Amino acid sequence: MNLFSDIRTTVLSALEAMQSEGALPAGLDFANVTVEPPRDASHGDMASNAAMVLAKPAAMNPRVIAEALAAHLTADPRIESVEVAGPGFLNMRLSVTLWQGVLAKILDQGADFGRADTGQGKKVNVEYVSANPTGPLHVGHTRGAVFGDALASLLDYAGYAVTREYYINDGGAQVDVLARSVYLRYQEAHGQEVAFEDGTYPGDYLIPVGKALKEKVGDAYLGKPESEWLLEIREYATEAMMDLIRADLASLGIKMDVFYSEKSLYGTGRIEAAIAALKDKGLIYEGVLEPPKGKKPEDWEPREQTLFKSTAHGDDVDRPVMKSDGAWTYFAPDIAYHYDKVMRGFDMLIDVFGADHGGYVKRMKAAVSALSDGKVPLDVKLTQLVKLYKNGEPFKMSKRAGTFVTLRDVVDQVGPGATRFHMLTRKNDAPLDFDFDKVLEQSKDNPVFYVQYANARVNSVLRKAEAAGLDLSAAPDLSQINHEAEINVAKKLAEWPRLVELAARTNEPHRIAFYLFDLASEFHALWNRGNDLPELRFLQDGEDATSVAKIALARSVQVVICAGLGILGVEPVEEMR
RNA sequence: GCACCCAUAGCUCAGCUGGAUAGAGCGCUGCCCUCCGAAGGCAGAGGUCGAUGGUUCGAAUCCAUCUGGGUGCACCA
């Protein structure tokens, strides 16, 4: 349970009490009343804007409202003091026992402390990665993969029923190219000279696929026209690539619930059904698009196409769903795929795309809005570029030069945990610098290390406690946790449930990473003060009860750090080496 | 030309459905530690929040216009 919403409830009932006393007019809307941590700690533990928000509708001076509200709130034993400040802020200091109670709750609930019911069990589908099945995942995919996976975990923690999904683009021309490329490797495996022309994939990763194909079918396809092997090899190669991709994802600890095949939409009437659904709504018509203004493609000519009236749902121009030759455009199966998601009963859809697909957002939202009659929201999160560095020097990638960096390269070098955490130290729509050396650096400017180090220090305390023969199963006397530096840590811990809700509401898992860094900082600050003030150390010689209480604080920190790392998909390390 | 994203300290970036004197890390300055919890700690300097208007009791946050950067713009996915 979120302490801030607890206190907000208290404030609201105080306001209602004022109304029944006639100290405040009836019929006010309290929706904008907030209770938040003030930016400046000298303003107390929690601040409310109630008086200022209500001043106008109540036609009263905000300070008058604030004073009356303060009088009501001081009656609450949890609130130690209330003061009115500035234009009408209500600053509250909460009693120490309340913060001590937070620790008790953390120890009682464990990793569930902070679990929210924001989602109320609603079904949400998170689609991410969805890379073409034509090769291994590269760094660009890595960010989308980590972001999408952490977002899915976050939403799960916030009470949603989450489905992790990967859309396999196995229906377009690119898988034909893949098949031809594999055929070349297959010929090569038979000892033939081959040349990779433009429009084929020359990557080494197809060599074993060609060899394996030779093992499987022998020389059955040799010297045969494309028409006799294209379908079979395409099938075979796509499967091989998906195995590769699944393994790449697994190396980051990612496991999808659903792999959805684009190909499965063709020839099954599903695209037709989705387009028909749009047609029923009067959103499909035959027409000719205007040429794009300004930059006009050289080969542009007016063509009549089947168009989706996406402008009716917020898009800038209508979009073609069928080419002039009668084949579906790439947009058509995407519509059908999202229609399928809607039909599967999801209450909310999230697509994670690379930033280069930004131009695709509006039409996708238009499609989902149209197909669900505006009932199912689609949030599209774009992940920006990852710039690679090695020791501060930009690391140029080039497919030709062979300096093409794959997801596997990154994970093999820095490990899944550091990769994941670092990828989440930026907002998804901000570019990210990834330095292979700095990610592994053991210093304060590396948040991965700093957070892990906090957890490791707790483990160190626990090991020493065990060695000293302390009995940690006894209930700690938390009233001994009363020093300001200790209470500050408890206050930070109390913010955790609220932060989870905020991060889930905005679909922004990076907030978890930043919070963990803040919490670790608070914990390290307490640890460091133990250098000067021995009474702040976690282990107090000869005073077992005190040690047990202080260790309870350390364990609370560990519980929340591990819960947070769990959302990010980062394995906590036992000790730093 | 249009659409979307971005612009905050010297650098890299946070900033809560609009809240008080805008924060962190690095870098910089000063002090502390060289056996007892320092893979460091404490303190400080550093900002017209890209610009100009507007809404509001109150704007880095919302709206409009402009500037600068990124991405994308029929019959490729």
Side-chain angles (χ1 to χ4, degrees), chain A residues 4 31-32 34 36-40 42-43 47-49 51-53 55-56 61-62 85-89 91 132 134 169 171-175 177 262 288-297 299-305 307 315-320 322-325 327 329-331 333-334 354-362 380 382 384-385 425-433 438 441-447 449-450 453 457 460-461 464 495 498-499 501-503 505-506 508 510-511 513-515 517-518 521 524-525 527-532 534 536-539 576-577:
Chain A
F4 293 86
N32 290 327
T34 60
E36 295 178 335
R39 211 178 320 208
D40 188 336
S42 70
H43 292 139
S48 178
N49 63 354
M52 288 176 296
V53 170
K56 199 170 186 182
N61 183 321
F89 280 104
N91 291 335
N132 286 341
T134 54
N169 289 284
Q174 75 279 3
V175 281
V177 174
E262 176 193 359
V288 180
L289 286 174
E290 293 285 314
K293 294 192 176 68
K295 184 191 132 199
K296 194 173 184 175
D299 58 343
W300 192 91
E301 56 184 75
R303 283 195 186 86
E304 188 172 83
Q305 300 166 296
L307 300 169
D315 202 356
D316 305 307
V317 288
D318 292 340
R319 306 291 177 177
M322 192 181 273
K323 304 177 200 171
S324 46
D325 68 358
T329 64
Y330 59 89
F331 187 35
D334 279 343
D356 55 339
H357 287 69
Y360 204 56
V361 173
K362 281 193 178 182
V380 180
L382 302 177
Q384 266 291 352
L385 288 175
T425 53
R426 288 289 175 270
K427 214 163 30 177
N428 59 289
D429 57 7
L432 172 80
D433 291 344
K438 285 190 176 165
E441 198 172 282
Q442 303 205 332
S443 71
K444 191 174 179 179
D445 59 324
N446 180 4
F449 164 77
Y450 205 57
Y453 188 31
R457 274 182 158 170
S460 160
V461 167
K464 284 183 184 170
E495 287 178 27
R498 180 175 177 277
L499 187 108
E501 289 174 21
L502 178 67
R505 196 169 62 232
T506 51
E508 292 181 341
H510 76 276
R511 291 175 188 272
F514 279 94
Y515 170 82
F517 182 78
D518 285 348
S521 299
H524 288 308
W527 183 283
N528 291 326
R529 289 194 67 177
N531 293 327
D532 296 331
L536 284 181
R537 298 183 185 181
F538 290 97
L539 292 171
M576 309 307 296
R577 289 176 190 273

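Chain A is the first sequence line, chain B the second, and so forth, proteins listed ahead of strands; every chain is numbered from 1. Keep in mind it's a predicted model, so treat the numbers as computed, not measured.
Among the atoms of the strands shown, only primed sugar atoms or phosphate atoms (P, OP1, OP2) are found under 4.0 Å from some heavy atom of A:Arg511. The residue A:Ala51 sits apart from the nucleic acid: no heavy atom pair falls under 4.0 Å. Within the nucleic acid shown, A:Ala525 has no heavy atom closer than 4.0 Å to any nucleic acid atom. Within 4.0 Å (heavy atoms only), A:His510 reaches sugar-phosphate atoms of the nucleic acid but no base atom. Here A:Asn91 lies in heavy-atom contact (under 4.0 Å) with a base. Nucleic acid contact for A:Phe331: none, since no nucleic acid atom lies under 4.0 Å from a heavy atom of the residue.
Between A:Thr425 and A:Leu432, the closest side-chain pair of non-hydrogen atoms falls below 4.5 Å.
A:His43 qualifies as a stacking partner of the B:A20 base, centre to centre under 5.5 Å and near-parallel within 30°. A:Phe514 does not qualify as a stacking partner of the B:A14 base, lacking a centre-to-centre distance under 5.5 Å together with planes within 30°.
No N or O donor and acceptor, one from the side chain of A:Asp334 and one from the base of B:A77, sit under 3.5 Å apart.
Atom CG in A:Leu385 sits about 12 Å away from atom P in B:C13, given to the nearest Å. In this structure, the CG atom of A:Asp445 is 16 Å from the C1' atom of B:C28, given to the nearest Å. Summarising the geometry, the separation between CG on A:Leu499 and P on B:G15 is reported as 11 Å, rounded to the nearest angstrom. The distance from atom CZ of A:Arg319 to atom P of B:C76 is 15 Å, rounded to the nearest whole Å. With rounding to whole Å, A:Glu290 atom CD is found 11 Å from B:A74 atom C1'. At whole-Å resolution of the value, OH in A:Tyr515 and C1' in B:G15 are 17 Å apart. To the nearest angstrom, C1' of B:G58 lies 14 Å from CG of A:Asn32. At whole-Å resolution of the value, CD in A:Gln174 and C1' in B:A77 are 5 Å apart.
For the P atoms, the distance linking B:G10 with B:U56 amounts to 34 Å, nearest Å. For the P atoms, the distance linking B:G19 with B:G58 amounts to 14 Å, nearest Å. Taking the P atoms as reference points, B:G70 lies 24 Å from B:A64, given to the whole Å. Here, B:G18 and B:G1 have their C1' atoms 35 Å apart, quoted to the whole Å. Across B:U17 and B:A74, the matching P atoms stand 38 Å from one another, rounded to whole Å. If you take atom C1' in B:C28 and the same atom in B:U71, they sit 36 Å apart, rounded to whole Å. Spacing between B:C63 and B:C42 at atom P, rounded to whole Å, works out to 40 Å. Comparing the P positions of B:U65 and B:C75 gives an interatomic distance of 29 Å, to the nearest angstrom.
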### Message
Please convert RNA chain B into dot-bracket. A pair counts if it is Watson-Crick or G-U wobble with both distances under 3.5 Å; crossing pairs go in [ ] and bases paired with another strand get |.
### Response
(((((.(..((((.....[...)))).(((((.......))))).....(((((..]....)))))).)))))....
### Query
For every nucleotide of nucleotides 4-12 of chain B, 5' to 3': is a protein heavy atom under 4.0 Å from its base (B), only from its sugar-phosphate (S), or from neither (-)?
SSS-----S
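With B:G72, B:A77, B:A39 as the choices, the nucleotide that has an atom nearest any side-chain atom of A:His357 turns out to be B:A77. Closest to the A:Arg505 side chain, of the nucleotides B:A24, B:C16, B:G19, is B:C16. Candidate nucleotides B:C76, B:G19, B:G41 were compared by shortest atom distance to the side chain of A:Val53, and B:G19 ranks first. When distances are taken from the side chain of A:Asn49 to each of B:G19, B:A74, B:A20, the shortest belongs to B:G19.
For the OP1/OP2 pair of B:C57 and a distance below 4.0 Å, the side-chain nitrogens and oxygens of A:Lys56 include at least one atom meeting the criterion. Checking the phosphate oxygens (OP1, OP2) of B:G25, no side-chain nitrogen or oxygen of A:Tyr450 falls inside 4.0 Å.
The main-chain N or O of A:Pro320 is found under 3.5 Å from a side-chain atom of A:Thr329 such that the two form a donor-acceptor pair.
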